[in-house]
Amino acid sequence: QVQLVESGGGLVQAGDSLRLSCAASGNTDCMSAMGWYRQAPGKERELVATITSGGRTNYADSVKGRFTISRDNAKNTQYLQMNSLKPEDTAVYYCNAERLKLHYYCTGSGDYWGQGTQVTVSS
């Protein structure tokens, strides 16, 4: 119903910056809040940041002050600007969108997820 595709990951050094993008397609009016999660090997997936359709944001303490989440509703795209990257930020980053029953055709259950994009921070 909704497809999410991440891009922008890569290999960088500590202190560098990256900008992740997540393009949504399909029935995008069946989603509301969006966000980013990350998962390192052997660890649980954890929240990085969320943003509502109105622009309210929330950040994990570990990234607050370094990462900025934003969205462009006209382009159905959200972004994660990551500055001052640390080796601890190394993970697969997943785009997330909240599924809400905003219309009769918004069927199914559970949030939408992208395929993930790898971020590796060396040093």
Side-chain angles (χ1 to χ4, degrees):
Q1 194 172 47
V2 173
Q3 296 80 45
L4 305 175
V5 180
E6 304 96 333
S7 62
L11 173 62
V12 298
Q13 295 183 346
D16 285 353
S17 298
L18 278 176
R19 186 183 187 233
L20 305 183
S21 299
C22 172
S25 61
N27 221 331
T28 56
D29 59 354
C30 293
M31 68 183 197
S32 185
M34 302 185 74
W36 293 92
Y37 290 71
R38 66 187 182 186
Q39 187 169 25
K43 298 182 179 179
E44 291 188 2
R45 186 173 300 185
E46 65 176 354
L47 171 72
V48 177
T50 60
I51 184 168
T52 68
S53 60
R56 292 189 177 187
T57 59
N58 183 61
Y59 298 92
D61 288 340
S62 60
V63 306
K64 189 175 182 179
R66 299 187 298 122
F67 292 8
T68 302
I69 188 172
S70 61
R71 66 191 290 174
D72 186 337
N73 291 329
K75 294 183 178 180
N76 294 314
T77 302
Q78 71 161 332
Y79 308 92
L80 185 68
Q81 178 66 46
M82 304 184 293
N83 298 328
S84 301
L85 283 163
K86 304 175 181 179
E88 306 92 269
D89 297 318
T90 296
V92 177
Y93 283 70
Y94 294 93
C95 180
N96 167 270
E98 179 186 22
R99 187 201 301 264
L100 292 180
K101 305 293 186 180
L102 302 177
H103 305 280
Y104 73 93
Y105 51 82
C106 296
T107 59
S109 62
D111 286 3
Y112 303 104
W113 293 93
Q115 82 286 353
T117 185
Q118 178 71 48
V119 172
T120 302
V121 184
S122 64
S123 293

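These numbers come from a predicted model, not from an experiment. The first residue of the sequence shown is numbered 1, and numbering continues consecutively from there.
Looking only at side-chain heavy atoms (C-beta outward), Arg66 and Asp89 come within less than 4.5 Å of each other. Between Met34 and Leu4, the closest side-chain pair of non-hydrogen atoms falls below 4.5 Å.
With 3.5 Å as the limit, one finds no donor-acceptor pair spanning the side chains of Arg56 and Asn58.
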Item to check | Verdict with reasoning, Leu20 to Phe67, per side chain to side chain contact (heavy atoms under 4.5 Å, CB included) | outcome: CA-CA 11 Å; Leu20 305 183; Phe67 292 8; over 6 Å; no
Next on the checklist: Show, in sequence, the C-alpha distance, side-chain angles and deciding distance for Tyr79 and Thr68, and conclude whether the side chain to side chain contact (heavy atoms under 4.5 Å, CB included) test is met.
Outcome noted: CA-CA 8 Å; Tyr79 308 92; Thr68 302; over 6 Å; no
Item to check | Verdict with supporting geometry, Tyr112 and Asn27, side chain to side chain donor-acceptor pair (under 3.5 Å) | outcome: CA-CA 11 Å; Tyr112 303 104; Asn27 221 331; over 6 Å; no
Checklist entry - Would Arg38 and Ser62 satisfy side chain to side chain contact (heavy atoms under 4.5 Å, CB included), going step by step from the backbone distance to the final call? => result CA-CA 12 Å; Arg38 66 187 182 186; Ser62 60; 3.5 Å; yes
Next on the checklist: Between Arg45 and Trp113, is the side chain to side chain contact (heavy atoms under 4.5 Å, CB included) condition met? List the steps.
Outcome noted: CA-CA 12 Å; Arg45 186 173 300 185; Trp113 293 93; 3.2 Å; yes
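The closest donor-acceptor contact from the side chain of Gln78 to the backbone of Ile69 lies at 3.5 Å or more, if one exists at all. Judged purely by atom type and a 3.5 angstrom limit, Glu6 uses its side chain to pair as donor or acceptor with the backbone of Gly116. Formation of a donor-acceptor pair under 3.5 Å by the Thr90 side chain with backbone atoms of Val121 is found in this model. With Arg99 contributing its side chain and Ser109 its backbone, the two residues share a donor-acceptor pair below 3.5 Å.
Between the OG atom of Ser25 and the CD atom of Gln3 there is a distance of 4.5 Å, given to the nearest 0.5 Å. The distance from the CD atom of Glu46 to the CD atom of Gln39 is 9.5 Å, given to the nearest 0.5 Å. Within the model, atoms CG of Asn73 and OG1 of Thr28 stand 9.0 Å from one another, a figure rounded to the nearest 0.5 Å. How far CZ of Arg71 is from OG1 of Thr57: 12.0 Å, rounded to the nearest 0.5 Å. If you take CG on Asp29 and CG on Asn76, they are separated by 9.5 Å, rounding to the nearest 0.5 Å.
The shortest non-hydrogen separation linking Gln81 to Ser17 is NE2-CB, 3.9 Å. In terms of heavy atoms, Leu100 sits closest to Cys106 at O-CB, 3.6 Å. Here the closest non-hydrogen pair linking Gln115 and Val5 is OE1-CA, 3.6 Å. In terms of heavy-atom proximity, Ser21 sits nearest to Trp36 at O-CH2, 3.6 Å. Residues Met31 and Leu102 come closest through the heavy atom pair O-CD1, 4.0 Å. Summarising the geometry of Ser123 relative to Pro87, their closest heavy-atom pair is C-CG, 3.8 Å, with the distance given to 0.1 Å.
Enclosure of atom NZ in Lys101 by more than 12 non-hydrogen atoms of other residues, nucleotides or ligands within 6.0 angstrom is indicated.
Residues Tyr94 and Val48 fall into different hydrophobic clusters, defined by Ile, Leu, Val, Met, Phe, Trp and Tyr side chains chained together at heavy-atom separations under 4.5 Å. Residue Tyr59 is not grouped with residue Tyr37 when hydrophobic side chains (ILVMFWY) are merged at heavy-atom distances under 4.5 angstrom, including chains of intermediate members.
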